[in-house]
Enquirer: 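Quick one: structure below, then a few questions.
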Amino acid sequence: MVRVRFAPSPTGSLHIGGARTALFNYVFARKMGGSFILRLDDTDRERSLEEHERGIYDGLRWLGMDWDEGPGKGGTFEPYCQSERMEQHLAAAEKLKSSGGAYTDEEGVLRLRYPETEVIVDDIVNGECVFKTEALGPEPVLLRSNGTPTYHLASVADDVDMKITHIIRGADHLTNTAKHKLIFEALGAPVPKFAHLPLILGPDGAKLSKRNSDCLTSVSEFQSSGYLPQALNNFLMLLGWSHPESKEQLSMQDAIESFELERVGNTAAVFDTNKLNFLNAWWIRNIDLREAADALKEFTGEYREVLDARGEEFWIHAVEKLRDGCSNLRDGEALARLLVSENVGLNADVTEALANDPEFAEHARQIAPVWLETLEDVELDGDRDTLTVEQAKQVTNTAKKASGLKGKALFKPLRAAVSGSLSGPELSALLELTRFDELRRRAKSFVDAAV
RNA sequence: GUCCCCAUCGUCUAGCCUGGUCCAGGACACCGCCCUUUCACGGCGGCGACGGGGGUUCAAAUCCCCCUGGGGACGCCA
């Protein structure tokens, strides 16, 4: 039975490297039909914050990684917070003391004893790594002078107690693993298998950190910046692992079905925002329509109320028509603005084109009055406040005939008249979704600007 | 500084273990064309890499060594 754990310490927010570690553990556990355990490594009471603890839970849940055992969930090996496992840690310390695996130094702290001059870590992704113990630094402290256990002791003792079979963590732990292996052995416990994941590097080539201002690092930041959890998971999955058939768009299910620890690479990977963005756009387009509508709606900001007033069906229909143009959930706001705002002025790019592009200005001058006139001749059906699909098609055709313009010459200024912008969602959809009185208002102001 | 790890297009990578099918395949980004009565989506195409040097071999991206480059670890933090 495979048992893996993700053991973050709540001394900072859940960052993307941690999320990737969690993800690989999670996917591996699911693939193997094993258990995914969440354990809080909070032995550093000074720096552990409840706020971060919550952030870790929220982040994991947002990404869809449910843990089988852990805080809030319980399990056979409770408790799952190291701060509550002092007793077990001290018992392990006693065991190490009596077996000679550890000793108390002249300063009164318990240290691991390096028994050999060499330790070999057999790693699933990196192969055999040989360490000379003298190069590992001083023998690690297990119990501080105040008697509390350190990370090394606590981590290993808990891994033993919780019967962890595979330790999957970042490559920055490789030298720790050498020390930990010694502790497992001194404890007379079976040594789990190890897999050290290659590090994620920032755009500057150094280990990704919060300080790296060029890109986001914490999971909550990605959430609030308009990324879909599916996109972030997909992206993270591809950092250091590849699908056997090179499939690039992967759901959690896809990843679970085809995951193999043996396929994990061992070269550090640079975080590529472009790819994340691409994946985000792909997932916005391809998830369930209702889910996309809900997600986009979260980002509609000030237009949310008006949108709600127009009914759920309206927004779902809009998203169905227009989500192809969204690459980030934040695009929801611009979308909502185009559909319901009563103050859509002209974008700078339009006014600039009007001033500096004689051809565009000429086309705009021609189409603007024609467009306004066309709209004024339209009768809405019954109690509708928007054009029907047919009418939307009809008004563009009428404007086309009356102006004698076609193609880009027609649509570029027409788009400006309808949306106040030179680019954006599909025009036909905009015409059929925007309230008719608003369309007329915009047409009027476009006449004012263009003629 | 010491130790460990790594090295294929700008980026993520396939291939490397089990040398030949690789004058190196895919994806993102970028550029062009097509589709579309506009943009986007989509389709097609282009640009673009085995860090260098030695070996081993009939044959090396693939195996070995050196160099260089990058990263990580060296806490009574985790």
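In what follows, chains are A, B, ... by sequence order, proteins preceding strands, each numbered from 1. What's counted below: heavy atoms across the whole structure, side chains too, no hydrogens, waters or symmetry copies.
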Enquirer: Please measure how far the C1' atom in B:U21 lies from the corresponding atom in B:G15, and state the result in whole Å.
Expert: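 12 Å, rounded to whole Å.
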Enquirer: Which residues satisfy the ring-ring contact (aromatic ring centres under 6.0 Å, His included) test with A:Phe28, sequence neighbours excluded?
Expert: A:His166
Enquirer: Walking along RNA chain B from 5' to 3', note the first and the last nucleotide with an atom under 4.0 Å from a heavy atom of chain A, and give both.
Expert: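 So the contact region on RNA chain B extends B:C3 to B:A78.
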Enquirer: Determine the contact category for A:Gly265: base if any of its heavy atoms lies under 4.0 Å from a base atom, sugar-phosphate if only primed atoms, P, OP1 or OP2 are that close, otherwise nothing.
Expert: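 No contact.
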Enquirer: Identify, residue by residue, the members of residues 36-44 of chain A with a heavy atom below 4.0 Å from RNA chain B, and return them in order of residue number, or none.
Expert: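 Heavy-atom contacts with RNA chain B come from A:Asp41, A:Thr43, A:Asp44.
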Enquirer: Under the ring-ring contact (aromatic ring centres under 6.0 Å, His included) test, which residues partner A:Phe6, sequence neighbours left out?
Expert: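 By the ring-ring contact (aromatic ring centres under 6.0 Å, His included) rule, A:Phe6 matches no residue at all.
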Enquirer: NA contact type, A:Glu134, heavy-atom cut-off 4.0 Å: base, sugar-phosphate, or nothing?
Expert: nothing
Enquirer: Base, sugar-phosphate or nothing for A:Leu427? Non-hydrogen atoms, less than 4.0 Å.
Expert: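 Base, at least one base heavy atom under 4.0 Å.
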Enquirer: Considering every strand and a 4.0 Å limit on heavy-atom distances, what is the contact class for A:Arg47: base, sugar-phosphate, or nothing?
Expert: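 A:Arg47: base contact, heavy atoms under 4.0 Å.
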Enquirer: Please give the distance between the C1' atoms of B:A27 and B:A49 as a whole number of Å.
Expert: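 These two C1' atoms come out 15 Å apart once rounded.
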Enquirer: May I have the list of side-chain donor-acceptor pairs in residues 252-260 of chain A shorter than 3.5 Å, sequence neighbours left out?
Expert:
| residue | atom | partner | partner atom | Å |
| --- | --- | --- | --- | --- |
| A:Asp254 | OD2 | A:Lys247 | NZ | 3.3 |
| A:Asp254 | OD2 | A:Ser251 | N | 3.0 |
| A:Asp254 | OD2 | A:Ser251 | OG | 3.1 |
| A:Ser258 | OG | A:His243 | ND1 | 3.1 |
| A:Ser258 | OG | A:Asp254 | O | 2.7 |

Enquirer: Can you list everything that forms a salt bridge (charged side-chain N to carboxylate O under 4.0 Å, His left out) with A:Glu107? Sequence neighbours excluded, please.
Expert: none
Enquirer: Name all residues meeting the salt bridge (charged side-chain N to carboxylate O under 4.0 Å, His left out) criterion together with A:Lys400; count only those two or more places apart in sequence or in a different chain, and write none if there are none.
Expert: none
Enquirer: Suppose we screen for side-chain contact (heavy atoms from CB on, under 4.5 Å). Which residues come up paired with A:Ser218, at least two apart in sequence or across chains?
Expert: A:Ser13, A:Ser220, A:Glu221
Enquirer: What contact category does A:Gly407 fall into here, base, sugar-phosphate, or nothing, at under 4.0 angstrom with non-hydrogen atoms?
Expert: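 Sugar-phosphate, backbone atoms only, no base.
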Enquirer: Considering Watson-Crick and G-U wobble pairs with both distances under 3.5 Å, what does B:A7 pair with?
Expert: B:U68
Enquirer: With sugar-phosphate meaning primed atoms plus P, OP1 and OP2, does A:Val121 contact a base, only sugar-phosphate, or nothing at under 4.0 Å between heavy atoms?
Expert: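 Contact class for A:Val121: none.
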Enquirer: For A:Ser9 and A:Arg47, does a side-chain donor sit closer than 3.5 Å to a side-chain acceptor?
Expert: no
Enquirer: What integer number of Å spans the P atoms of B:C22 and B:C41?
Expert: 33 Å
Enquirer: According to the Watson-Crick and G-U wobble definitions, with both distances under 3.5 Å, which nucleotide is paired to B:G42?
Expert: B:C34
Enquirer: Mind checking salt bridge (charged side-chain N to carboxylate O under 4.0 Å, His left out) for A:Asp172 and listing every partner two or more places apart, or none if nothing turns up?
Expert: A:Lys207
Enquirer: Before we go on, tell me: are the rings of A:Tyr151 and A:His180 under 6.0 Å apart, centre to centre?
Expert: yes
Enquirer: Can you check the distance between B:C16 and B:C64, where both ends of the measurement are the P atom (answer in whole Å)?
Expert: 14 Å
Enquirer: Can you tell me the Watson-Crick or wobble partner of B:A73, both distances under 3.5 angstrom?
Expert: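 Checking every strand shown, B:A73 finds its partner in B:U2, with both distances under 3.5 Å.
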Enquirer: Among A:Arg5, A:Arg39, A:Arg85, A:Arg3, which residue satisfies the salt bridge (Lys or Arg N to Asp or Glu O under 4.0 Å) criterion with A:Asp161?
Expert: A:Arg85
Enquirer: Hey, which of these two, A:Thr11 or A:Lys412, hits RNA chain B nearer its 5' end, going by closest nucleotide?
Expert: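 Looking at RNA chain B, the more 5' nearest nucleotide goes with A:Lys412.
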Enquirer: Considering every strand and a 4.0 Å limit on heavy-atom distances, what is the contact class for A:Arg323: base, sugar-phosphate, or nothing?
Expert: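 The answer is nothing, as A:Arg323 stays clear of every strand by at least 4.0 Å.
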Enquirer: In whole angstrom, give me the gap between the C1' atoms of B:G70 and B:U8.
Expert: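 Between the two C1' atoms, the distance is 15 Å.
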Enquirer: With heavy atoms under 4.0 Å as the rule, sort A:Ser145 into base, sugar-phosphate or nothing.
Expert: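 Base: the residue A:Ser145, judged by heavy atoms under 4.0 Å, touches a nucleobase.
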Enquirer: Could you measure between the two C1' atoms, the one in B:U56 and the one in B:C63, and give it in whole Å?
Expert: 8 Å
Enquirer: What residues, two or more places apart in sequence or in another chain, satisfy salt bridge (charged side-chain N to carboxylate O under 4.0 Å, His left out) together with A:Arg111?
Expert: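 Listed in chain order: A:Asp105.
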Enquirer: Are side-chain N/O atoms of A:Arg144 and A:Thr148 paired as donor and acceptor at under 3.5 Å?
Expert: yes
Enquirer: Considering only the P atoms, how many Å lie between B:C31 and B:C23, rounded to the nearest integer?
Expert: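 Here B:C31 and B:C23 have their P atoms 31 Å from each other.
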Enquirer: Closer to the 5' end of RNA chain B via nearest nucleotide, is it A:Pro425 or A:Phe278?
Expert: A:Phe278
Enquirer: For nucleotides B:A24 and B:A60, find the distance between their P atoms and express it as a whole number of Å.
Expert: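 That atom pair is separated by 16 Å.
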Enquirer: Base, sugar-phosphate, or nothing for A:Asn176, non-hydrogen atoms under 4.0 angstrom?
Expert: base
Enquirer: Please name the nucleotide paired to B:U21 by Watson-Crick or G-U wobble geometry with both distances under 3.5 Å, or report none.
Expert: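 Here B:U21 is not engaged in any pair, so there is no nucleotide opposite it.
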Enquirer: List in numerical order all residues of residues 360-375 of chain A for which some heavy atom is under 4.0 Å away from an atom belonging to RNA chain B.
Expert: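 Close to the strand, none.
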Enquirer: For A:Ala449, which residues count as a side-chain contact (heavy atoms from CB on, under 4.5 Å) partner, sequence neighbours excluded?
Expert: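 Residues passing side-chain contact (heavy atoms from CB on, under 4.5 Å) with A:Ala449: A:Leu346, A:Leu354.
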